[in-house]
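The structure appears right after this line, and notes come after that.
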Amino acid sequence: MKDRGTLEPDRLLTEDVINDMRDRRILINGTGKSANTLKIRPPLAFDSADVTRFLEIFAEVAKNRL
């Protein structure tokens, strides 16, 4: 969110997070009216090791961006 007072969505920040994840070979996308909500659509062959990998990489991206 760009501004917590006005609740203006921050689409550019969302795009940065999506691109950072893509650079680390994890595909997610934005959805919603302002495309500022992250959508995670794992493949059927997604197991607990993939969950761990996703969470570790997302934590790294979030630490750098958020």
Query - Nearest heavy-atom neighbours spanning Val17 and Val61 - result: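 Smallest heavy-atom distance, with atoms named: CG1-CG1, 4.0 Å.
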Query - side chain to side chain contact (heavy atoms under 4.5 Å, CB included) partners of Ile40, counting only residues at least two apart - result: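 Listed in chain order: Ile28, Pro42, Phe54.
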Requested in this report: Could I get the full list of side chain to side chain contact (heavy atoms under 4.5 Å, CB included) partners for Glu56, not counting sequence neighbours?
Outcome: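 Applying side chain to side chain contact (heavy atoms under 4.5 Å, CB included) to Glu56 gives Thr52.
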**Report entry** Same apolar cluster: Phe58 and Leu27, side chain cutoff 4.5 Å
**Finding:**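 No, no single cluster joins them.
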Query raised in the report: Do the side chains of Leu55 and Ile18 join up, straight or via other hydrophobic residues, at under 4.5 Å, putting them in one cluster?
Result: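 Result: yes, single cluster for both.
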Report task. Return yes if some donor-acceptor pair links the side-chain N/O of Asn36 with the main-chain N/O of Gly32 below 3.5 Å, else return no. Result ->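 Here the side-chain-to-backbone pair does not exist.
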Query raised in the report: Side chains of Ile57 and Arg25: closer than 4.5 Å at any heavy-atom pair?
Result: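 They are not in contact (no side-chain heavy atoms under 4.5 Å apart), so the answer is no.
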Report task. Starting at CG of Asn29, measure out to OG1 of Thr37 and round the result to the nearest 0.5 Å. Result ->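 Nearest 0.5 Å value for the CG-OG1 distance: 10.5 Å.
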Query raised in the report: Does Arg65 have any salt bridge (charged side-chain N to carboxylate O under 4.0 Å, His left out) partners at least two apart in sequence or in another chain, and if so, which?
Result: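 With neighbours one apart ignored, the set is Asp16, Asp20.
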